[in-house]
Amino acid sequence: MSRYRIEIRVTPRKGILDPQGKAIHHALHSLGWAQVDDVRVGKAIHVELDADDAGAARDEAEAMCRKLLANPVTEDFEVYQVEEAGA
Amino acid sequence: MKAAVVTFPGSNCDYDLYKAVQDVGAEARFLWHRDRGLDDADVVLLSGGFSYGDYLRAGAIARFSPIMDDVVAFAKAGGPVVGICNGFQILCEAGLLPGALIRNASLKFQSESVWMRVERTDTLFTRDYAAGQRLRIPMAHAEGNFRADPETLKRIEGENCVLFRYVDRHGGASPEGNPNGSMNHIAGIVNEAGNVMGMMPHPERAMEAVLGSTDGRGLFTSLMGALAAGSAA
């Protein structure tokens, strides 16, 4: 068993209206970043857990996303990073 | 009619809902989210509020409360279930209703009275309304923007699952009449089986003329009448 630090990213699904992203997009344009084409706002969830290896840790994280962390109707998820913690 | 109102940590419309069902003559009782069993309820109601602080997503954590196993089993067996505001969000998260409710297009928490139109009168929940009737009902939410993928939306419309649509004061489904950006102006839906409904506006806050509207009463009298007819049959 080792301890793993996992970063999960949950983002609004493409094609789903993202009102926060739209508001930030608008603000960036107002501040002069006219070249900004698209902004989407999601969340990063950091989880620490014990698992046999990195693959098993990733599998657990994906199961968490499917069950709780992301809503499949409106969000996509990605287990972005799995790294061994400590030492 | 025995009506059970479920309280989650963070529910704040549970007393209003309790009072509303009592007002139309039901025998009301509260159930706590950690309870098991539904205490012989004929109908289960999930109230508005901010269960679990709306953390992660509105309704996402409440949907795993112990009592939800019983609510899901009750619904699957054909028992009537009503979700209002946060209750609607919980029913969507639990998969009892299709779609999802995301942040209002305005990005704001909106507390205002809205108009909505009754789209169906052949359900347990709407039989005391007239087809096309306009109702004045308060809403108070930040995440009421109804979303579904194109196939799901097509099925919702095709199966006639829309109960209430936001309209303007003239009864038209215009952009001005849509307070939160909901797809197809959807304010409330029912499942295909017809026993589970969810809506974002608050009929339990439209029970007394002195508070501005009695347009919410019809939902509760409909349920009461439908269940009385059912038990007599």
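Quick note on labels: first sequence line is chain A, next is B, and so on, each numbered from 1.
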(request) Output the distance between atom CZ (B:Arg57) and atom NZ (A:Lys43), rounded to the nearest 0.5 Å. (result) 6.5 Å
(request) Name the region of A:Leu69, side chain, backbone, both or neither, that has any atom closer than 4.5 Å to a heavy atom of chain B. (result) both
(message) Looking at A:His26, I want to see if its NE2 is surrounded by more than 12 non-hydrogen atoms of other residues, nucleotides or ligands under 6.0 Å.
(response) no
(request) May I ask you to check whether over 12 heavy atoms, not counting those of B:Phe109, lie within 6.0 Å of atom CZ? (result) yes
(request) Assess whether side chain to side chain contact (heavy atoms under 4.5 Å, CB included) is satisfied between A:Asn71 and B:Ile102, documenting all intermediate values. (result) CA-CA 11 Å; A:Asn71 181 333; B:Ile102 66 168; over 6 Å; no
(request) To the nearest 0.5 Å, tell me how far B:Arg103 CZ sits from A:Leu17 CG. (result) 11.5 Å
(message) If I take atom CG from residue B:Leu101 and atom OG1 from residue A:Thr74, how far apart are they, to the nearest 0.5 angstrom?
(response) 9.5 Å
(message) How close do B:Ala105 and A:Pro19 get, counting heavy atoms only, and between which atoms?
(response) O-CB, 4.1 Å
(request) Would you indicate whether B:Trp32, at its atom CH2, is surrounded by more than 12 heavy atoms from other residues, nucleotides or ligands within a distance under 6.0 Å? (result) yes
(message) Just checking B:Arg169: does its CZ atom have more than 12 heavy atoms from other residues, nucleotides or ligands closer to it than 6.0 angstrom?
(response) no
(request) Look at B:Thr152, B:Ile61, B:Leu56 and state which one has the largest set of heavy-atom pairs under 4.5 Å with chain A. (result) B:Leu56
(message) For the OH atom on B:Tyr15, are there more than 12 heavy atoms of other groups (residues, nucleotides or ligands in this structure) within a distance under 6.0 Å?
(response) no
(message) So for B:Asn145, is it side chain, backbone, both, or neither that comes closer than 4.5 Å to the heavy atoms of chain A?
(response) side chain
(message) Around atom CZ of B:Arg36, are there more than 12 heavy atoms from other residues, nucleotides or ligands closer than 6.0 Å?
(response) yes
